[in-house]
Asker: 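First the structure, then my questions, so here it is.
As the structure is a prediction and not an experimental result, all values here were calculated from the model. Just so we're on the same page: letters track the sequence lines, and every chain starts at 1.
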Amino acid sequence: MRHDHLLSAGQLTREDIEAVLDRAAEMAADPAGVAERHADRLLALCFFEPSTRTKMSFDAAMKRLGGDTVDMGTVESSSVKKGESLADTVRVIEGYADGIVLRHPSEGAAKLAAEFVDVPVVNAGDGAGQHPSQTLLDLYTMRENAGLDDLTVGIMGDLKYGRTVHSLAEALTTFDARMHFVSPESLKLPRGVQFDLHEAGARLREHTDLAEVLPELDVLYVTRIQRERFPDENEYQKVAGQYQIDAETLDAARDDLTVMHPLPRVDEIAPDVDANEHATYFRQAHNGVPVRMALLDELLSGEGGEP
Amino acid sequence: MSEHELRVSKIRDGTVIDHVTGGQALNVLAVLGIDGDEGLGVSIGMNVPSDTLGKKDIVKVEDRELSQGEVDIISLLAPEATVNIVREFEVVEKNRVERPERVVGLLRCPNHNCITNGEEPVESTFGVVEDGVRCEYCGEIIRSDIGDHLAVS
Ligand SMILES: [Zn+2]
């Protein structure tokens, strides 16, 4: 991978992805070997909306590489509330750190930030846009469980606003996976994402009912349907139950089905699935650290900064 | 000169935008930022019968030539349009519009949550795709209704 920034999953080739996953596996196997690799380097964590897990995961990854982090803090306590533009904020922070991890509520924020700074920018979620580092850890988890070849993946839940879904679907096109999207009519994939998937020659089908495809799946990727997306509570209640799974639902699945979720979950996966051998979501979350270590190593080692 | 063209008066100097897709004339004026206050002489023919387009619009603007950005947007509203420069009642230059690869600063992204709609020091940027334009920041696609998203209006 020779990129200055990680802004969207669409910029990654299959080779790029495999290189990061291979490196992540090496680092997971021998964390001591990289414990000083980025000593004295600083990563700025700029989270314009809260995400404890993603932030902690990057924080842990940087520290396990021997580096450290500086944290912008919450938006409430920062100058952002005073109306400073994102472009100005990142230009200032660029002077403090060797890389910037950005979470922002607006689509396209990471791309904009990358235009104003010379240090690497990692998009850690831009509104309903993209979340490519999540995708790398999702793919790492899939590879561990099901491999990445000849894969049938079901993606269920809020496909319209789910940035993890947008990034994952784009990345899966480089692996020629068969994709089944399962959602209520009102939360189907946005047309921009559909456009990219068609351009990439994706093999995809859309469904409103999981039962139609569950028996075929190698992987079921579940996301949360957010109550606040629905104009009224009745509309939500009508669809919500249909997109919840429990141990009984999975009776219809193949024995080797892998169930994933980017977390946090609310009620879309019943607790009785946790002990089930299909459940992989906690392992998936843990994989975030080695994968982000590999990603940060890649980005921080570029541009003559080879440690 | 055909009877149909006579419906729109001849101009001495300026620009004639012909073969505009029927119904798009007002959007073309919006692209040009013309609302009448400038004092320019403007004539419009709307839904004039056309051999090639069925119905077309014509916009004639006196004493005004077009910038490349204006021509680019017109090409998206009206892919068949021709831009004719008139001097002393004669057409001295006649150009078909060409679809650009990108349009910068001319459209507003319809995604309210797009970073380009915030208070940031960037211009909106759209890549031209097969049947529309696409925001290079958020990926939003505008298809048939480009005229509704002009940054100038
Ligand atoms: Zn946009």
Asker: Check this for me: A:Arg203, atom CZ, are more than 12 non-hydrogen atoms of other residues, nucleotides or ligands nearer than 6.0 Å?
Answerer: yes
Asker: Can you give me the closest heavy-atom contact between A:Leu86 and B:Glu120, atom names plus distance?
Answerer: N-OE2, 2.7 Å
Asker: More than 12 non-hydrogen atoms from neighbouring residues, nucleotides or ligands closer than 6.0 Å to CG on B:Asp145, yes or no?
Answerer: yes
Asker: Grab the two heavy atoms, one from A:Phe116 and one from B:Val122, that are nearest each other, plus how far apart they are.
Answerer: CE1-CG1, 3.6 Å
Asker: Name the member of A:Ala110, A:Ser8, A:Gly108 that forms the most heavy-atom pairs with chain B at distances under 4.5 Å.
Answerer: A:Gly108
Asker: Is atom CD of B:Glu101 surrounded by more than 12 heavy atoms (other residues, nucleotides or ligands) closer than 6.0 Å?
Answerer: no
Asker: What part of A:His166 gets within 4.5 angstrom of chain B, counting heavy atoms only: side chain, backbone, both, or neither?
Answerer: neither
Asker: Does A:Phe195 reach the side chain of B:Glu130, with side-chain heavy atoms less than 4.5 Å apart?
Answerer: no
Asker: If you take all heavy atoms of A:Ser106 and B:Cys114, which pair is closest and at what distance?
Answerer: CB-C, 4.5 Å
Asker: Mind ranking B:His112, B:Arg134, B:Glu119, B:Glu136 by heavy-atom pairs under 4.5 Å with chain A and telling me who comes out on top?
Answerer: B:Arg134
Asker: Determine the minimum heavy-atom distance between A:Arg191 and B:Ile142, stating which atoms define it.
Answerer: NH2-CA, 4.5 Å
Asker: Nearest 0.5 Å please: distance from the SG atom of B:Cys135 over to the NZ atom of A:Lys111.
Answerer: 9.0 Å
Asker: Where on A:Glu199 is there a heavy atom nearer than 4.5 Å to chain B: the side chain, the backbone, both, or neither?
Answerer: neither
Asker: Side chain, backbone, both or neither: which part of A:Pro190 has a heavy atom under 4.5 Å from chain B?
Answerer: neither
Asker: How long is the gap from CD1 on B:Ile115 to NE2 on A:His104, to the nearest 0.5 Å?
Answerer: 4.5 Å
Asker: Which pair of non-hydrogen atoms, one from B:Asn113 and one from A:Glu107, has the smallest distance, and what is that distance?
Answerer: ND2-OE2, 2.7 Å
Asker: How far does CG of A:Asp126 sit from OH of B:Tyr137, to the nearest 0.5 angstrom?
Answerer: 12.5 Å
Asker: Enter the distance from B:Ile141:CD1 to A:Gln194:CD here, rounded to the nearest 0.5 Å.
Answerer: 9.5 Å
